[in-house]
Amino acid sequence: MKWLKSKTEQGLTKLLKHGSGDFRFDPKNIRHRLMASIEQTKPHPIKHFRLNRVFKFSASFAGFVLIVSATFAFASNQVPGDKLFALNKAGESVILSLPMPAEQRAQVRDYIVDQRFEALDAVNLAPGTKSLETIKESDESLMRAVQEISKNKQKLEAKGKTKQAAKLEVILDNLQKKAADREKIIQKLEDETEDEETKARIHQHLEQIKNSREKARLEIKRFQNPESESDQILF
Amino acid sequence: MGCNELHQNSINMIEEIDVQNLVRRAQDGEQEAFGLIYDNYAQPIYNFLMSKVRHREVCEDLVHTVFLKAWMNLKSYQPRPSAKFSTWLYQIANYTLIDHWRTKKPTVELDDVENLAAFAVDPAHYEEYSYLWQAIRQLPLNYQTVLDLRFKQDLSVEETAHIMRKTSVGIRVLQHRALKALKNKLVES
């Protein structure tokens, strides 16, 4: 049956092809009209033109974002003293400028301090010219972290949000413990440094780290004994 | 009868590669190149339109419209490996025809006055197949179009699908139905 069908179709298609031919047509007359119309009509600009521009702009923007992202990703591994460390710090500032809950902000601060302390550990293993820069960055990151976390913790306490405040206290406690470990490393680096000026500056940063750690300790103590007004630290 | 034999009826068709060269020149604004494109495709486009419109003056106007539209939109044309330039032209012709049916004013039908053979290059040939034209004319427009493109213009399924904005499978189904309907009409007559 299928064979029969196809045979019928074949016959019809043959018939259609045989039956086709040209109609009488005077192309010159229409050509003349057409060329006259063309003379007066400019072709439409390519419709994709705007799209192309949008596409090109999008591609450029995507490329720019990619380059910036890649640079920031690369810079995130840079440690104090490296050429792109400033970019790493700029990236951290951007993150910290974003609105986020106090606990999350404290975690970011904790992470930054961790990064600086890891760099300090690396310097300890291979002392070199980056020592002072690394110590300075460790000191500053710890100081800022303790200040901000303590301030936010006090705000939470004032609002009666003791659970959230307790979480910040845990982070503060970790920070002061980590700082205590690094004080030993910095003390060792200070002892090994022969240049007096550098030695003095390392010592200065060491004292500030001790001070920050002490502030963190007192803040925790104040939280555990809220009546002890004498121990309250105001930032 | 193959496609080459079919196109022998029309003006000698030039190779696709030469057509594409002409298109590029026309895209750069060379009007004479577009004139040569017109010379190459005017007759097949006229045949395609005439077999449906069956009114010489209307059909000539439509041919003019098709090529003017092609000129105006030529810069948006991008060659594709699977489709010839003529596919693009037939697509414009098909849409022009659909627009014409939508907005057409009452005209005296050619068949009411004269036989279609009167407008054929070889009237005897059209007389011979007049029963076929009568049967085709009674089919729905999309059936007429698919039969015309596939068998009279000898375009491939893919090209026909491109012109009619359907899938290849859709064209095969439409073609099958159109042939079936044509067979029934021929049996009836």
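Lettering follows sequence order; numbering is per chain, from 1.
With Arg33(A) as the partner, the side chain to side chain contact (heavy atoms under 4.5 Å, CB included) test is satisfied by one option alone out of Asp61(B), Val63(B), Leu68(B): Asp61(B).
Using a 4.5 Å cut-off between heavy atoms, Tyr38(B) touches chain A through its side chain atoms alone. Only the side chain of Phe34(B) comes within contact range of chain A, with heavy atoms under 4.5 Å apart.
Taking CD1 of Ile38(A) as the reference point, atom CD of Gln31(B) lies at 6.0 Å (rounded to 0.5 Å). Expressed to the nearest 0.5 Å, how far CD1 of Ile30(A) lies from CD1 of Ile45(B) amounts to 11.5 Å. Residue Asn29(A) holds its CG atom at 10.0 Å from NE2 of His64(B), rounded to the nearest 0.5 Å.
Heavy-atom contacts from other residues, nucleotides or ligands closer than 6.0 Å to NZ of Lys178(A) number more than 12. Within 6.0 Å of CG on Leu98(A) lie more than 12 heavy atoms contributed by other residues, nucleotides or ligands. Within 6.0 Å of NZ on Lys84(B) lie no more than 12 heavy atoms contributed by other residues, nucleotides or ligands.
Ring orientation note: the planes of Phe23(A) and Tyr46(B) are nearly perpendicular, at an angle over 60° on the 30°/60° scale.
Salt bridge status for Arg31(A) with Glu32(B): present, with a side-chain N to carboxylate O gap under 4.0 Å.
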